[in-house]
Asks: 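Please find one structure pasted underneath; my questions will follow.
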Amino acid sequence: MNPRFDIIAARVPQGSRVLDLGCGNGALLAHLRDQRGCSVQGVEIDPDKVVACARRGVDVLQLDLEQGLAMFADDSFDVVLMIDSLPNLRNTERALRESSRVGRQGIATFANFAHWRIRLRVASGRLPVTEELPYEWYDTPNLRVTTYADFAVLAAKCGLRVRQALGIQAGREVHTLPNLLASEAMFVFSAG
């Protein structure tokens, strides 16, 4: 099992209604359903991943997140997940505001481009290829990269209240210097 799942699941209250934006193959949602008793719903654009969700018994809608979340009412969910989906979106601000409208709490994770190994790779003149950023610059699905510190600034700009911020490194939580020492960032947030 993915060690990140337990770190994320620890921030999802037992029995919550959970929406995962960019849910991939539905593995995290299945974990939350089976281990935390959550009622889960996914949103995914990739048809192969939609099929993978269905095979896991995860309810999923095939939608383009760039079109927004107008089909969901305010506070429809207890938790809205954005696990590694923000770098793939053109309108990140809109997605964050919509997720905080639809859910009482949001959880976003993403590769932290300020991690020391990435900084070292860039200083050597090359763009990084890491476990969290596994693609070469010319074939990445990511439209953008961000850092732990930059997300905190964006959250404030979007009027979000950061409830918890931490880093993840090698499946463990990082609370000391996460912008430097964590290869991934995690933010738990809500509407301001």
Asks: Got a second to check how far Asn112's CG is from Leu133's CG, nearest 0.5 Å?
Replies: 9.0 Å
Asks: Let me confirm one number: the CD-CZ distance from Glu132 to Phe113, rounded to the nearest 0.5 Å.
Replies: 12.0 Å
Asks: Between Val43 and Val58, is there shared hydrophobic-cluster membership here, with clusters defined by ILVMFWY side-chain heavy atoms closer than 4.5 Å?
Replies: no
Asks: Do Arg172 and Glu184 sit within salt-bridge range, that is, some charged N less than 4.0 Å from a carboxylate O?
Replies: no
Asks: Should Asp75 and Arg17 count as an ion pair when the cut-off is N to O under 4.0 Å?
Replies: no
Asks: Rounded at 0.5 Å granularity, tell me how far CG in Leu32 sits from CD in Gln14.
Replies: 10.0 Å
Asks: Quick one: does Glu98's side chain have a donor or acceptor within less than 3.5 Å of a partner on Leu69's backbone?
Replies: yes
Asks: Tell me, do Val40 and Asp59 make a side-chain contact under 4.5 Å, heavy atoms counted?
Replies: no
Asks: Considering only heavy atoms from C-beta outward, does the side chain of Gln105 approach that of Asp78 to under 4.5 Å?
Replies: no
Asks: Side-chain donor-acceptor pairs under 3.5 Å in residues 149-161, sequence neighbours left out?
Replies:
residue : atom : partner : partner atom : Å
Asp150  : OD2  : Thr147  : OG1          : 3.0
Lys157  : NZ   : Glu93   : OE2          : 3.3

Asks: Is it the case that the side chain of Ser76 and the backbone of Ala73 share a donor-acceptor pair, with hydrogens and angles ignored and the cut-off at 3.5 Å?
Replies: yes
Asks: Are Arg117 and Pro128 side-chain neighbours, meaning at least one heavy-atom pair lies under 4.5 Å?
Replies: no
Asks: What are the two closest heavy atoms between Pro178 and Tyr148, and how far apart are they?
Replies: CG-CZ, 3.4 Å
Asks: Answer whether the closest heavy-atom distance between the side chains of Leu81 and Val79 falls below 4.5 Å.
Replies: yes
Asks: Side-chain heavy atoms nearer than 4.5 Å, only ILVMFWY residues, links allowed to pass through others: does that put Ile118 and Val129 together?
Replies: no
Asks: Can you check salt bridge (charged side-chain N to carboxylate O under 4.0 Å, His left out) on Asp34 and Arg56, steps first, answer last?
Replies: CA-CA 11 Å; Asp34 298 343; Arg56 291 182 191 276; over 6 Å; no
Asks: Under 3.5 Å, is there a donor-acceptor pair between the Arg36 and Ser16 side chains?
Replies: no
Asks: Is there side-chain contact between His115 and Asn179, with at least one heavy-atom pair below 4.5 Å?
Replies: no
Asks: Between the main-chain N or O of Thr92 and the side-chain N or O of Arg97, is there a donor-acceptor pair closer than 3.5 Å?
Replies: no
Asks: Looking at every non-hydrogen atom in both residues, tell me the closest pair between Ala182 and Gln169 and how far apart they are.
Replies: C-OE1, 3.7 Å
Asks: Is it the case that one hydrophobic cluster holds both Leu86 and Val145, taking links as side-chain heavy atoms less than 4.5 Å apart, direct or via other members?
Replies: no
Asks: Atom CD1 in Ile8, atom CD1 in Ile107: separation rounded to 0.5 Å?
Replies: 7.0 Å
Asks: Under the 3.5 angstrom rule, does the side chain of Asp20 hit a backbone N or O of Leu29 as a donor-acceptor pair?
Replies: no
Asks: Under the ring pair (Phe, Tyr, Trp, His ring centres under 6.0 Å) criterion, do Phe77 and Phe72 qualify, and how do the steps go?
Replies: CA-CA 9 Å; Phe77 295 90; Phe72 298 108; 5.6 Å; yes
Asks: Going by heavy atoms in the side chains, are Asp84 and Arg4 under 4.5 Å from each other?
Replies: yes
Asks: Between Val60 and Met82, is there shared hydrophobic-cluster membership here, with clusters defined by ILVMFWY side-chain heavy atoms closer than 4.5 Å?
Replies: no
Asks: I need the full list of side-chain hydrogen bond (donor to acceptor under 3.5 Å, both in side chains) pairs touching residues 121-131, with sequence neighbours left out, sorted by first then second residue.
Replies: none
Asks: What is the distance from atom OH of Tyr135 to atom OG1 of Thr140, rounded to the nearest 0.5 Å?
Replies: 7.0 Å
Asks: Please set out all donor-acceptor pairs under 3.5 angstrom arising from side-chain atoms of residues 185-192, sequence neighbours excluded.
Replies:
residue : atom : partner : partner atom : Å
Ser190  : OG   : Arg163  : NE           : 3.0
Ser190  : OG   : Arg163  : NH2          : 3.3

Asks: Is there a side-chain contact between His31 and Asp6, using heavy atoms and a 4.5 Å cut-off?
Replies: yes
Asks: Working to the nearest 0.5 Å, report the span between CZ of Arg33 and OG of Ser39.
Replies: 10.5 Å
Asks: Check this for me: Arg55, atom CZ, are more than 12 non-hydrogen atoms of other residues, nucleotides or ligands nearer than 6.0 Å?
Replies: no
Asks: Cys38 and Pro13: which non-hydrogen atoms are nearest, and at how many Å?
Replies: SG-O, 3.9 Å
Asks: List the atom of Gly24, the atom of Cys53, and the distance in Å for their closest heavy-atom pair.
Replies: O-SG, 3.2 Å
Asks: Do you know the tightest heavy-atom contact between Leu61 and Met71?
Replies: CD1-CE, 3.9 Å
Asks: So, does Glu44 use its side chain to make a donor-acceptor pair with the main chain of Asn25 at under 3.5 Å?
Replies: no
Asks: Taking a hydrophobic cluster as the set of Ile, Leu, Val, Met, Phe, Trp and Tyr residues connected by side-chain heavy atoms closer than 4.5 Å, whether directly or through intermediates, do Ile168 and Phe110 fall within one such cluster?
Replies: no
Asks: Just so I know, are the side chains of Val18 and Val12 near enough to count as touching, which here means a heavy-atom distance under 4.5 Å?
Replies: yes
Asks: Using a 3.5 Å distance criterion without hydrogens, assess whether the side chain of Ser85 forms a donor-acceptor pair with backbone atoms of Leu21.
Replies: yes
Asks: To check you understand the geometry: which heavy-atom pair defines the closest contact between Glu66 and Asn91, and what is its length?
Replies: OE1-N, 3.3 Å
